[in-house]
Amino acid sequence: MASSQDLPKNYDFAEVEERWRSIWRDEDHYFDKNSKKPQFVIDTPPPYPTGNFHIGNALNWCYIDFFARYKRMKGFNVMFPQGWDCHGLPTEVKVEELNHITKNDVSREEFRRMCRELTEKNIGLMRITLRKMAFSTDWSNEYVTMQPKYYGKTQLSFLRMLQSGYIYQSEHPVNYCTRCETAIAFAEVTYEDRETQLNYFDFDGVEIATSRPELLAACVAIAVHPEDKRYHPLKGGTKKVPLFSHDVPVVQDEAVDPAFGSGAVMICTFGDKQDVHWWKLHNLGLRKAIDRQGKMTAIAGKYQGLNTSECRASILADMKAQGILKRQEPLAQRVGTCWRCKTPIEILSERQWFVKIKPAEISEAAHQIKWFPEHMLLRMENWVDQMEWDWCISRQRIFATPIPVWFCKKCGEMTVPEDKDLPVDPTQVSPKHPCKKCGSTDFAGEVDVLDTWMDSSISVLNVTGWDGSGTPPFFPAQIRPQGHDIIRTWAFYTILRSVALTGQKPWDEILVNGMVLGEDGFKMSKSRGNIIVPEEILVKYGADALRQWGAMGAATGSDIMFNWNDVVSASRFQTKMWNITKFALIQLEKEGFDEKAQITALADRWLLVRLSDTVEQVSTALEAYQFDIALKAIREFAWEVLADNYIELVKGRLYKSDESRKGACLALHTAFDALCRLLAPFTPYFAEECYSHLSPGKSVHKQPWVAFTYDDDAARLEGNLLVQVVAEVRKYKHDAGLALNAPLGKVTIYAPHTVNDEGDTGRTLNADVHWRTDVAKLDRVITGIDFNRSVIGPTFRKQAQAFMAAITALSPEQLANPPATIILDGCETAVPENSFTPKYSYMEEGAQVDVITVGDVILTIAKSA
RNA sequence: GGGCUCGUGGUCUAGUUGGCUAUGACGUCGCCUUGACAUGGCGGAGGUCCUGAGUUCGAAUCUCAGCGGGCCCA
């Protein structure tokens, strides 16, 4: 036992946290591939290396670390990997910004190098925050998706899915960002409300309303509702497109809303998703009017080379000039935009690579996974049920995993590399063998690259040891923690890929965390100025306080509003707990504790049974990932049960030096040791510091989880009663204007059972306490009357004094059961309700006493005066 | 427009399968320096559990409708 003299008066989180960070070893958190322990593999989210580990990440990681540490203490072989999801547009954009270039100003290789460099730097910054937060990361299982070791696996997974027919290429309409010059998936489209104009114009005699006149060159049909009588004469006919003069058919479709605009709509390739739908359904032609840069193509004739908004203005002007533009109305519109640059997306038909989406098998796997909270499964179901297109996985960018295929320049045949040659960049190297079909050695490497989700959706395969064949050794993982914002992307794609590559679900369980909102209740954003960064909290209150906020801020799974109050109260709990530590160590240091001491005193038994209850509560909550409930139970036990009640009760006994203090010391030691372990997953620094003083040289994080049980129902009941009795007497003193430690004279407690309190109650109340099991013999006497003047005054006016005199004159029996009427100045007068209350006092064995009742227990306090 | 989710003292929040006086934190008010702690202790005030209807002996909890947030999607 360390000397209590060593303990500083105040808990200095900054000093303690830094000290333990320098002592702890990474090796203690490594997953052991040869272990016989049950495995607990976590499919951790690989964050995007922006350089800032934000508070949403922090919450997510807190959850992961709570159960990682808990599972380790429970004897599991835990893998808590750390990944970095590097590829993607944001970094490309940042590199362009920082270096004042565009991606076309330097070679592909040079541009990639710049991206890698920036990413390395950002990862370095984020690792520092992770370490400060005391996350028990397994750094031996760190992965970086931009490194050859990882993207080789991404390419391998691509080839496997290509071989099994999951991946195909096809010309198909895709969402396309003309600013980023790449196809993007639906998951990357965000919708924004914009105001636009609905233009009514004459289309060869038919009035058409459109918000996108620039697509006139791409018009392939006119659609009307089959029931719309206005347009029956047009059935089966064709119409000439104004300004462009090509003929288009008139088709009929139920989906046309006769009430919108003129009831006739032009179908263009492609204005929106609906156009794609009709285009397929009615087997229409394809007219590409917009190219990858967002410029008008040759079929736009004189408008060629204009961008879409220039073209729109120009076409509207020409329509006006020809007198065919009838009128314009404002129109509120939700427009799909690129999630990154907010440019409205175009739907272009391009040759792209796709992954087949098979909703049934994804849904089946999703149902085999246990979801926390359960309702998050619904979001997955809804997303799966409404899938319309396959997943477009090709991107026309640079900083990403290359698609590992070549095409023969002579015959067009596709060639893929062998597994052992991965990773490859087909734009840099050539295949090792000539074309199988024609023998040519002239190849063109695929320049398209893979969607970033193709990297991150094999995170679980990577950490479980996938090598391209069958089921990986540690697959499936036990749990996937992630936010609900990426259910339709990361969770969805991971399930898809796991099923496609292994035929199995990726994880046993998925734990979905909520979003962190600002203190004002809104999503954190720069424009609102409500962003709180973890670093700020770490500096002001330390990692343990921030972690407590993560646990207690909200029930697991629900969105959580950041709240400084919670951090402050977390920090106060540590102060309180630090003082408990000091007290416990001072007491235990005096004579040590005797492991074999007999626990007999009620307070000691009560503490142990309440501890046993707490351990069970915390363990149950942790098994269900209910961190708020778990930490709340721990705090309540420490603060209320141990500090405010138990220690106050046994203090006096601990100050003595007889046999009776041994039981208290053992109970105190047991509770304190358990508290350190219970706190270990939540506040690793703090728990380690406290435990190191209790058991020098030992780490709390290497101790097993608390297995303490203590079965004593009587102690729970009687102890709770004892605590109540003490509370009532404190209140009595408070009401009497006495200090809480003021001497109280003789107190008699009539309880149903004999209680061995070892004198704790008497010392705590500073009174001469007598426990008795017989029935209290009390005489009630009326010693005065409280008059309610607000009733008597208005009722009796001038007779008020007389009324009170008459009441005072009543006999004690009459006062106890007041008559309905009374004679006042010779008249029988009603006694109003609530006009007075008799004041009682009690006599016990001839002495005046005050009486308090707590359930069945009666307390009498002898009046000292 | 659809789906999910939430609405609890001034603020934030707990509340399994309906069941004692609705939990806790922060704030607020009063009292108290007692040998771990005033970054503390004790006590108090403060609630139409969003609204309305229904089911029930009994509803914060279940059902329906409405109002209002948030998230996701069309």
**Request:** Take nucleotides 31-37 of chain B nucleotide by nucleotide from the 5' end and write B, S or -, depending on whether a protein heavy atom sits under 4.0 Å from the base, only from the sugar-phosphate, or from neither.
**Result:** ---BBBB
Could you give the distance separating [M] and [N] at their [atom1] atoms, to the nearest angstrom?
N      : M      : atom1 : result
B/rC42 : B/rA53 : P     : 43 Å
B/rU8  : B/rG3  : C1'   : 26 Å
B/rU63 : B/rA25 : C1'   : 34 Å
B/rC72 : B/rG9  : C1'   : 33 Å
B/rG7  : B/rU61 : P     : 11 Å
B/rA22 : B/rC49 : P     : 11 Å
B/rA36 : B/rG27 : C1'   : 27 Å
B/rC62 : B/rU56 : C1'   : 10 Å

Pairing partner (Watson-Crick or G-U wobble, both distances under 3.5 angstrom) of [N]:
N      : result
B/rG68 : B/rC6
B/rC62 : B/rG54
B/rG43 : B/rC29
B/rG1  : B/rC73
B/rA38 : none
B/rU17 : none

Going by atom types alone, do [X] and [Y] pair a side-chain donor with an acceptor below 3.5 Å?
X      : Y      : answer
A/Y493 : A/D451 : no
A/N720 : A/W606 : yes
A/Y11  : A/E689 : no
A/Q587 : A/Y655 : no
A/T761 : A/D757 : yes

**Prompt:** Between B/rU39, B/rC71, B/rC42, which nucleotide gets closest to the side-chain atoms of A/R730?
**Reply:**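 Taking heavy atoms from C-beta onward, the closest nucleotide is B/rC42.
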From [atom1] of [X] over to [atom2] of [N], roughly how many Å is that when rounded to an integer?
X      : N      : atom1 : atom2 : answer
A/K632 : B/rG24 : NZ    : P     : 8 Å
A/D566 : B/rA14 : CG    : C1'   : 12 Å
A/Y541 : B/rU39 : OH    : P     : 14 Å
A/M376 : B/rG3  : CE    : P     : 17 Å
A/W564 : B/rG27 : CH2   : P     : 15 Å
A/E374 : B/rG3  : CD    : P     : 20 Å
A/Q548 : B/rC26 : CD    : P     : 12 Å
A/W549 : B/rC12 : CH2   : C1'   : 13 Å

**Request:** Check step by step if ring pair (Phe, Tyr, Trp, His ring centres under 6.0 Å) holds for A/Y541 and A/F13.
**Result:** CA-CA 7 Å; A/Y541 295 94; A/F13 73 84; 7.4 Å; no
**Message:** Within the 4.0 Å heavy-atom criterion, would you say A/W639 contacts the bases, only the backbone, or no part of the nucleic acid?
**Reply:**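 Answer is sugar-phosphate: A/W639 comes under 4.0 Å of backbone atoms only.
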Show me the donor-acceptor pairs within less than 3.5 Å that the side chains of residues 636-645 of chain A make with the rest of the protein, sequence neighbours left out.
{"unit_1": "A/N645", "atom_1": "ND2", "unit_2": "A/E640", "atom_2": "O", "d": "3.1"}

**Asked** Of A/A727 and A/Q626, whose closest RNA chain B nucleotide lies nearer the 5' terminus?
**Response**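 The residue mapped nearer the 5' terminus is A/Q626.
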**Asked** On RNA chain B, nearest-nucleotide positions of A/M515 versus A/L378: which is more 5'?
**Response**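 Going by which nucleotide is closer to the 5' end, it is A/L378.
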**Pair A/K662 + A/D604, salt bridge at N-O below 4.0 Å** =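 Salt bridge flag = no for A/D604 with A/K662.
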**Asked** Which is it for A/K632 and A/D628 under the salt bridge (charged side-chain N to carboxylate O under 4.0 Å, His left out) test, yes or no, and what are the steps along the way?
**Response** CA-CA 6 Å; A/K632 207 174 194 174; A/D628 57 327; over 6 Å; no
**Short side-chain N/O contact to B/rC26 OP1/OP2 from A/R572, under 4.0 Å** =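 It does, given that an N or O in the side chain of A/R572 lies less than 4.0 Å from OP1 or OP2 of B/rC26.
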